[in-house]
Protein chains: 2
Amino acid sequence: MAGPARPTLARVAERAGVSVSTASLAFSGAGPISPETRDRVLRAADELGYTGPNPLGRQLRSGRSGIVGVVIGDQLKRSFRDPVAVQVLDGLVSTLGAHGLGVLLIPGIPGHDPASRVVDPLIETAAMDVGVLVWGVGRQDPTLDAFQRRGVPVVIGEGRLVPGAPAVTLDDRVGTAQVVQHLVDLGHERVAEISLPLDSSGAQGPVDAARLAQVDRTPTANRLAGVRDAVDPVVTWETEASLVEHGKTAALALLSAPDRPTAIVAHSDLLAGGAVLAAHELGLDVPGDVSVAGFDGLDLPWLAPTVLTTVRQPLAEKGERLGEAVIGLLAGEAPEEVRLPVELSVGTTTGPPARQSRTTA
Amino acid sequence: MAGPARPTLARVAERAGVSVSTASLAFSGAGPISPETRDRVLRAADELGYTGPNPLGRQLRSGRSGIVGVVIGDQLKRSFRDPVAVQVLDGLVSTLGAHGLGVLLIPGIPGHDPASRVVDPLIETAAMDVGVLVWGVGRQDPTLDAFQRRGVPVVIGEGRLVPGAPAVTLDDRVGTAQVVQHLVDLGHERVAEISLPLDSSGAQGPVDAARLAQVDRTPTANRLAGVRDAVDPVVTWETEASLVEHGKTAALALLSAPDRPTAIVAHSDLLAGGAVLAAHELGLDVPGDVSVAGFDGLDLPWLAPTVLTTVRQPLAEKGERLGEAVIGLLAGEAPEEVRLPVELSVGTTTGPPARQSRTTA
DNA sequence: GCGTCGCCTCGAAACGATTCGAGGCGCCGG
DNA sequence: CCGGCGCCTCGAATCGTTTCGAGGCGACGC
C-alpha cells in the first residue's frame, strides 16, 4: 500500500536524461543551468512524483541539520504555563525560522525525577546544530554537560556564563533593586520576599541563610541579591515554580503570620499575581493593606483592572537575541554576552504602608 | 579555534585497528562483538574525542530522522497562552520521547498573515517522519496540503477526517449539548454563546446565520452544533482566539445589552473565565445574576474559589493518543480514529436564573 | 579560418554511518 | 586427525544529496 520506494534524484535525472548533478542544480538553483534543461528535469520529477530533494541527504552532505535544540525549563507542561517562557520561545522560534532553522523541544527533566543527573535522551541522540539553554545553567548542569560531551555548541540564556558560549542575560539585579527601592521610598520597612526556586529540588517554604547559600540558579541569585541591595527582607519564601498558585500559597502564609509584612516583592509577575489574589481572599486591600510588586512585565488579563507594579523585561527581544546568538555561532562569529535592560513600571499595587499596620505590630 | 574536523567512525576504527563495521558494532551493540574489541574501540574513541555516531549518517542510512513536526495552532505565542494546547503538547512530547522521537515546533501561520496560503518554510524543508496537526484542518488547509505534497504522513487532532490519516477526536458535540442541557434544566431560556474562532480570519463580534455557515474548524463546528442540540442561543459571539481577554470582551458586550441573557455558554474555559471576570466587573453575581459554563476542564488558579461548570476533556491523554498514532503510523499499522470521551463537571458558576432578570426583560 | 571565451553539463568524490553476507579461526566431537 | 560448527570480524554496498573541477561545444572576434 505504501507504494514503491520514494523516487530519488538519480531516478529523476535518469528519466530526464541528464546527470544527477544537473538534476540537483535544477532544484537548488545553485549554478548555471539552461531553462530548457531545468524544465525537463522538473517535468520528469513531476511525472515520477518526486517532491524535492530529501533533506536527509542534504543534511549529511552539508553537515548541518538545521535544527536547534531548546531546553525550556524543568518540565515542559509547567514551563509553558509561564507566559514568560512562552514569549521568549516565540521570539526565538521567529528569529530562527527566518534563517531556516527549526526548534526541537527538549524537556529539561525527563521523568519526574529532579536532581537526577539523567538528561533527556534526545540530547544524546538527536541531530542538532546548536543547543539553547533558555533558563540558565546550574553549577553542575547535567544538560550542559551532555551537550558539551557531544560537542554541540550551546547558547545560554540568563545563566552562569559558560566559556565559549554566547549568552543573553538580564539586568535583573538592578531592576529588582529598583522596584524594592520604590517600596522603601514609599515607606515600607517590613518587606517579605517570594522567591523563584533556588534549585531544582522542588523545595518550598520559608528559607534560612543556609538554604539561601545553596542557590544554584542565576536569575534567582540575581533577584535575591537585587532585593538585598535595597532592603533586608523580613522573610524569604521559596516557591516550587513560577506559577500563580505557588505565589498565592506563599502569600497566604506570609499575610497570615503575626507580624504581617506591609509589602511583598515577588521574583515574578505570576507569583505576584497570586499574592494579590491571596490578599483579596484574606480581605486585605492592595495596596491599602499590603503592597505587591512583581518582575517581568506580563500582561495579566485576569488581574484587570489591577495593574501590577513590576519590572518590565523585553521578553520577545530576549528570544530574538538568543536566536541571533545561535545564528552568529553557526556563522562562526566570536561568542559574546548580550545584556538586556529592564525598566521599572509602577502600577496600582504599590502605595505607602497603612498607619495601622504599624500599630498592629 | 574550532579544532580539526570532528573525528569520524572510520578514524576511530583505524586507530583501534579494526574495520569500520566492527567499530559501528561497538557503539550500536547490534551484533556480536567480543568485549575486548569493544573496549579497544571505545578507548580509541575516547582518545580521539569521538563522542558517538553522527546522527546525520545514521538518519540517512535508516531513512528516518526521528523528528515529528507539530503544528500547534495559528501563532505560537498565542497558542501557548492556552493551557489546553500546552497540556496536549506535553502529553505528546512525553509519549514521543519515550520512543526516541523529538518534536519540531512548526508555527501554523508564518508571518502575521492569516488566510494566506503561505505555510512555514519548515514544512517544506525540514526532515520529518510525520506531521501532527493538533488543532484540526480546514476545508482547504494549506498546511495539510504542504505535508501531503511532500509525502509526509500526517496525524490529525480534532479535525475533519483525512483519508489515510489517523485521527484523535473528541466527543465535544455531545459534551457541549450536555452542559447546555444542564443550563436548560436549571430553567435558562436566554442563553448566549461565546464561540471559538470560526476560521482563521480573526473576525470577532456577534455573528449571523450567513457567517455561521462559513465555519471551517471542526471543534468549533461541533460545539456550535452541540449548543444547538439543547437550545437555540439568543446570540452567538465569535472571538478571535481562546483567551481570557477575548472572553471578557465578549461577555462585557453580551451582559451590557438590553435584553441580558441569564446564562452564557463559552466554547472554552478560558473564554468562560473571562466571562466571569466581566460579570464581576459589571457588578453581577455569578451564578445569581448570570450563569457561566465553559469547556475543557482547566484548572484556573486565578479564578479560585470560583469553580467553573465545564466539560472535562482528557487533555494529556489526547496528547498521548496523538503520540501513539504517530508511533503506529511509523510502525505501518492501519490508521484509525480514536474518539475521546468528555464528562460534564458542575461547578459554582451555574444555578437557576434569577426571578428579576425575567421581569427586567 | 582559427583561437579563445563562456555557458552548460557531466563524472566522481565526498558526507558518516549501518547492514549483510562471506569468511577466518579456534574448538569440540567423532 | 579431520570435519564441522560457532563466534567474530571484515569488506563492500547503500542511503540521497551537493560540490568541484574538468571538459565539450557553440559563438564571436580578429
Side-chain angles (χ1 to χ4, degrees), chain A residues 4-42 44-45 48-66 100 124-129 150-152, chain B residues 4-42 44-45 48-66 100 124-129 150-152:
Chain A
R6 187 180 246 63
T8 147
L9 191 55
R11 298 176 63 86
V12 173
E14 185 188 19
R15 173 157 193 134
V18 300
S19 74
V20 193
S21 39
T22 302
S24 174
L25 259 32
F27 283 99
S28 71
I33 187 173
S34 75
E36 306 86 55
T37 311
R38 164 195 272 111
D39 284 353
R40 194 141 39 88
V41 173
L42 295 183
L48 288 173
Y50 180 81
T51 56
N54 183 332
L56 260 25
R58 190 211 313 277
Q59 287 176 14
L60 174 60
R61 179 66 232 244
S62 68
R64 291 256 170 104
S65 64
E124 319 269 17
T125 62
M128 291 177 296
D129 297 338
R150 264 199 57 192
V152 175
Chain B
R6 188 181 249 58
T8 149
L9 191 56
R11 298 176 62 83
V12 173
E14 185 188 20
R15 172 151 191 140
V18 300
S19 74
V20 194
S21 40
T22 303
S24 174
L25 258 33
F27 284 98
S28 70
I33 188 175
S34 76
E36 304 87 56
T37 311
R38 167 195 270 113
D39 284 354
R40 193 140 42 89
V41 173
L42 295 183
L48 288 173
Y50 180 81
T51 57
N54 184 332
L56 261 27
R58 188 211 316 277
Q59 286 174 15
L60 173 59
R61 183 64 231 254
S62 69
R64 291 256 170 104
S65 64
E124 319 269 17
T125 61
M128 291 177 295
D129 297 337
R150 264 198 57 192
V152 175

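Computed from a prediction, not measured in an experiment: that's the story for all the values here. Every chain is numbered from 1, with letters handed out A, B, ... down the list of sequences.
Judged purely by atom type and a 3.5 angstrom limit, B/Arg6 uses its side chain to pair as donor or acceptor with the backbone of A/Gly151. Here the side chain of B/Thr37 pairs no donor or acceptor atom with the backbone of B/Ile33 at under 3.5 angstrom.
Between B/Leu25 and B/Pro32 the shortest heavy-atom distance is CD2-O, 4.0 Å.
With sequence neighbours left out, the side-chain contact (heavy atoms from CB on, under 4.5 Å) criterion links A/Ala127 to A/Ser65, B/Pro55, B/Leu56, B/Gln59.
Look at CD1 on B/Ile33: it is 12 Å from C1' on D/dC10, rounded to the nearest Å. Straight-line distance from the CZ atom of B/Arg38 to the P atom of D/dT9: 10 Å, rounded to whole Å.
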## Note on the structure
For nucleotides 13-22 of chain D, 5' to 3', base contacts (B), sugar-phosphate-only contacts (S) and non-contacts (-) with protein non-hydrogen atoms under 4.0 Å give BBBBBBB---

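Here the straight-line distance linking atom CZ of A/Arg58 with atom CZ of A/Arg64 works out to 14.0 Å at 0.5 Å rounding.
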